[in-house]
Amino acid sequence: MWLKGKHLLLSKDRIKAILLIQLGDIGDVVLSLPCIRALKENFPKAVVAVAVRAKAKEIIDICPWVDEVIPIEQNDRGMMAAIQYQFDFFKRLRNHKFDLAIDLRASTRGAVLARLSGAAIRVGYYSTKETFWRSWVFTHLKPFMPDPNLHQSLYYQDLLAECGIHVFHRQPEINVPNVSTEKANRLLARLKIDTKKRLIAVHPFALWRYKEWPIEKTAGLVQHLTCGADRLALIIGASSERKRAQTIVGQCGERAINLAGETGLNVLAAILKQCLLSIGMDSAVGHISAAVGTPCVTIFGPGKAGVWAPIGHHNRIVNKDLPCIYCGQKGCNGSGRSLCLEELSVEDVLTVVEAQIEAMDAPDSANLKRANCINRQ
């Protein structure tokens with residue numbers, strides 16, 4: 001149901017250029033892949049362009065359903081240089097002659113981008129914070145009603161469904177190209193990583209510290225997982241997290257390798273695809289793992305697992321059973337510290353991880369397939 005705009009009946013012949021805007025974080029971009037694929041499948045002759053933050057560009061670069069990626073960079077230029085950049089950017093944007101623009105988030109910058117795209121049909125979410133001018137920006141507005149039991153990816157897909165665009169494949173998929181696999185293999189060879197061992201990717205970091213499990217507990221988990229077993233842990237993260245990743249490696253010796261800062265997103269996807277399992281926090285890495293087909297265990301604290309957990313039957317979550325779990329706060333009472341994570345023991349996580357590995361090793365595990373859809377709550 002539209003708050004603004006009438007029923008849409010989009011013609012495959014008249015829609016020749018589409019702009020999809022997703023200016024969320026990397027995890028949001030991964031969860032938007034079913035929408036991108038749906039646009040190309042519903043409008044196979046149309047040019048599909050996707051606008052994302054520059055840091056997520058590599059995910060879209062390897063997406064086979066995208067004709068062009070439009071990276072949105074942070075404006076750290078001087079005033080005159082920034083003005084010239086914005087002028088040139090929007091001039092190039094208008095040259096695409098978009099017929100349809102869809103903003104998947106209720107953000108200010110995405111709304112401005114939709115309006116300046118020149119598209120005759122501009123679809124977005126209604127926001128109670130920006131009531132008047134969003135009504136001016138968009139031709140069609142859908143109400144945004146958060147539901148703790150509805151996965152975030154379904155919000156994105158529901159916006160397309162309101163436009164009459166059918167989403168055939170509801171689960172995010174990343175098709176790792178050969179060039180990314182080759183780069184990953186060269187990296188593993190350079191670091192003398194024995195790929196005959198069972199590789200377990202461990203991502204101990206999150207965008208916000210209050211979503212992270214204590215680093216010493218991650219080290220303890222890695223020690224248990226790699227002790228007396230033919231397993232090797234790959235500690236992954238950004239270059240800014242390399243020093244903290246080395247703390248774990250220092251406690252685990254040769255049973256862990258520091259890969260933090262060694263990969264871009266496309267090579268990371270290729271490495272995750274070669275892993276037996278991925279273990280991480282409430283962050284984008286879990287979504288990337290699930291999208292390449294690698295089972296993952298995600299450690300949740302205040303984040304809402306029903307909304308943000310990686311999608312698929314091969315994926316599990318682990319948390320501390322507290323009455324305040326999934327509170328959505330930035331640490332307990334906004335303190336930046338989450339007791340639900342600090343009180344989660346190594347044994348709690350290890351039990352779930354080993355159960356996951358045991359299920360994967362079961363004789364009938366080959367018959368288990370990733371979920372092709374998400375059950376609505």
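Both backbone and side-chain heavy atoms feed into the values below; hydrogens, waters and symmetry mates do not.
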Could you tell me if the side chain of [Y] sits less than 4.5 Å from the side chain of [X], heavy atoms only?
X: I18; Y: F43; value: yes
X: Q246; Y: V249; value: yes
X: I311; Y: P172; value: yes
X: I299; Y: V349; value: yes
X: L225; Y: I279; value: yes
X: I257; Y: I235; value: no
X: V123; Y: L100; value: yes
X: R337; Y: E342; value: yes

Using the rule side-chain hydrogen bond (donor to acceptor under 3.5 Å, both in side chains), only one of T181, N185, T294 pairs with Q274; which is it? N185
Can you give me the closest heavy-atom contact between [X] and [Y], atom names plus distance?
X: M281; Y: T298; value: O-CG2, 3.3 Å
X: H169; Y: P34; value: O-CB, 3.2 Å
X: A51; Y: L113; value: CB-CD2, 3.6 Å
X: A184; Y: V267; value: CA-CG1, 3.9 Å
X: P204; Y: I215; value: CB-CD1, 4.1 Å
X: L187; Y: T263; value: CD2-CG2, 3.5 Å

Using 0.5 Å steps for rounding, measure from the [atom1] atom of [X] to the [atom2] atom of [Y].
X: L3; Y: S135; atom1: CG; atom2: OG; result: 9.5 Å
X: E347; Y: E354; atom1: CD; atom2: CD; result: 12.0 Å
X: I70; Y: I21; atom1: CD1; atom2: CD1; result: 8.5 Å
X: I271; Y: E262; atom1: CD1; atom2: CD; result: 8.5 Å
X: C63; Y: E173; atom1: SG; atom2: CD; result: 10.5 Å
X: C324; Y: Q329; atom1: SG; atom2: CD; result: 8.5 Å

Is the shortest distance from a Lys or Arg side-chain nitrogen in [X] or [Y] to a carboxylate oxygen in the other one below 4.0 Å?
X: D67; Y: K40; result: yes
X: D103; Y: R109; result: no
X: R198; Y: D230; result: no
X: K6; Y: E162; result: no
X: R53; Y: D25; result: yes
X: R92; Y: E68; result: no
X: K217; Y: E212; result: no

Are [Y] and [X] linked, directly or through intermediate hydrophobic residues, by side-chain heavy-atom contacts shorter than 4.5 Å (ILVMFWY only)?
X: W208; Y: I317; value: no
X: L268; Y: I193; value: yes
X: L322; Y: F300; value: no
X: M360; Y: I200; value: yes
X: V69; Y: L39; value: yes

Please confirm whether the backbone N or O of [Y] pairs with a side-chain atom of [X], one donor and one acceptor, at under 3.5 Å?
X: Q157; Y: R170; result: yes
X: R242; Y: A260; result: yes
X: Q223; Y: Q251; result: yes
X: N42; Y: I165; result: no
X: S289; Y: V285; result: yes
X: T139; Y: R122; result: yes
X: S338; Y: C340; result: no
X: H224; Y: L350; result: no
X: D282; Y: K211; result: no
X: R231; Y: T226; result: no

With side chain to side chain contact (heavy atoms under 4.5 Å, CB included) as the criterion, how do I36 and L20 come out once you've worked through the C-alpha distance, each side chain's angles and the decisive distance to 0.1 Å? CA-CA 8 Å; I36 297 172; L20 186 73; 3.5 Å; yes
What orientation do F205 and H203 show, parallel under 30°, tilted 30 to 60°, or perpendicular over 60°? perpendicular
Yes or no on side chain to side chain contact (heavy atoms under 4.5 Å, CB included) for Y155 and L104, after CA distance, side-chain angles and deciding distance? CA-CA 8 Å; Y155 276 113; L104 293 179; over 6 Å; no
Please find out if less than 6.0 Å separates the ring center of H140 from that of F138. no
Apply side chain to side chain contact (heavy atoms under 4.5 Å, CB included) to the pair D61 and N266, showing each step before the final yes or no. CA-CA 8 Å; D61 280 338; N266 50 18; 5.7 Å; no
More than 12 heavy atoms of other groups within 6.0 Å of [X] [atom1]:
X: K97; atom1: NZ; answer: no
X: D321; atom1: CG; answer: no
X: K55; atom1: NZ; answer: yes

List the steps, then state whether side chain to side chain contact (heavy atoms under 4.5 Å, CB included) holds for Q22 with R105. CA-CA 7 Å; Q22 172 52 279; R105 293 170 60 85; 2.8 Å; yes
